[in-house]
Amino acid sequence: MEAYLMITQINDFLFCPRSMYFSGIYRNTTSTEVYHQTPQTIGLATHKSIDDNTYSSHKTVITGMMVYSEKYNILGCIDILDTKSGLLTERKYSVTAVYDGLRYQLFGQYFALTEMGYQVTAMRLHSSKDNKNYDIPLPDSLWTAKFEQVLYDLKHFSLYDSFIPNPRKCEKCIYAPLCDFGCQLTEDETL
């Protein structure tokens, strides 16, 4: 039996395949202090009302529900689904651009929810820092094919694959001290 993928791994993988690997190592540690920096701590605070199920008392609003897609063998947790309007919302502390990793994270939730019998008619990213919403169109056949390719690549990733580090990403990566590539960047390469 093939192990399922966590929906959050999609975003990690697209940021850097190696960071996805390192986050997997830390996933089961008891102390997040080992690997969380300020952005991750702020992100957890943004999710507190969702994780505690205190975001809304409306019966049509589902928060923090685990979802699973048998077709894609992915598991994750949604932030907010308004079952009356069909709006699926992923909350982040700060959204500065709609990166594919964020888009595919919503796609994974969408596919799982529809497979589970929920109707999703619209999706959005919500940036808590500036209270902005970014509408994400439902996946069409082209976006679905791209999503499936990313899942294929993620499932077949190996640390031994050829890899060219992105210095801008490496300097922001909380796993850089563990990474044999991230630690090799010189001062000139990080500028």
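Please read these numbers as outputs of a predicted model, since none were measured by experiment.
The aromatic rings of Y4 and Y68 stand perpendicular to each other, their planes meeting at an angle above 60°, with 30° marking the opposite boundary. Between W143 and F107, the two ring planes are perpendicular [angle over 60°; tilted spans 30° to 60°].
At least one side-chain heavy atom of I80 sits less than 4.5 Å from a side-chain heavy atom of T63. The side-chain heavy atoms of L5 and N73, taken from C-beta on, include no pair separated by under 4.5 Å. Side-chain atoms of L75 and M6, non-hydrogen and from C-beta on, do get closer than 4.5 Å to each other. In this structure, the side chains of I136 and Y110 stay at 4.5 Å or more apart for every pair of heavy atoms. When side chains are defined from C-beta on, K155 does not count as touching Q9, because their heavy atoms never get closer than 4.5 Å. The side-chain heavy atoms of F147 and R103, taken from C-beta on, include no pair separated by under 4.5 Å. Using a 4.5 Å heavy-atom cutoff, the side chains of Y104 and L151 are not in contact. No side-chain heavy atom of L125 sits under 4.5 Å from any side-chain heavy atom of R91.
Across every non-hydrogen atom of V120 and M123, the tightest pair is CG1-CG, 4.0 Å. A pairwise comparison of heavy atoms in L113 and M65 identifies CD2-CE, 3.6 Å as the closest pair. The two residues I7 and Q109 make their nearest non-hydrogen contact at CD1-N, 3.9 Å. Nearest heavy-atom pair across G64 and C77 is O-SG, 3.1 Å. Across all non-hydrogen atoms, the minimal contact from T89 to H126 is CG2-CB, 3.9 Å.
Side chain of S127 to backbone of V95: a donor-acceptor contact under 3.5 angstrom is found. A donor-acceptor contact shorter than 3.5 Å links the side chain of T121 to the backbone of S85. The backbone N or O of T60 lies less than 3.5 Å from a partner atom in the side chain of T83, making a donor-acceptor pair. Not a single donor-acceptor pair under 3.5 Å links the side chain of N11 to the backbone N or O of Q105.
Aromatic rings of F15 and Y99 (six-membered ring for Trp) have centroids beyond the 6.0 Å cut-off, not under it.
To the nearest 0.5 Å, the span separating CG on D130 from OG on S94 amounts to 6.0 Å. One distance of note links OH of Y118 with CG of L88; it measures 12.0 Å at 0.5 Å rounding. Atom CG of residue D79 and atom CD1 of residue I62 lie 13.0 Å apart, to the nearest 0.5 angstrom. Taken from CG in N133 to CG in D135, the straight-line distance is 7.0 Å, to the nearest 0.5 Å. The OG1 atom of T96 sits 9.0 Å away from the NZ atom of K129 when rounded to the nearest 0.5 Å. Taking NZ of K84 as the reference point, atom CG of L87 lies at 13.5 Å (rounded to 0.5 Å).
Residues E115 and Y72 bring no donor and acceptor atom of their side chains to less than 3.5 Å of each other.
A salt bridge links K92 to E90: at least one charged side-chain nitrogen sits closer than 4.0 Å to a carboxylate oxygen.
The environment of Y134 atom OH is dense: over 12 non-hydrogen atoms of other residues, nucleotides or ligands sit within 6.0 angstrom.
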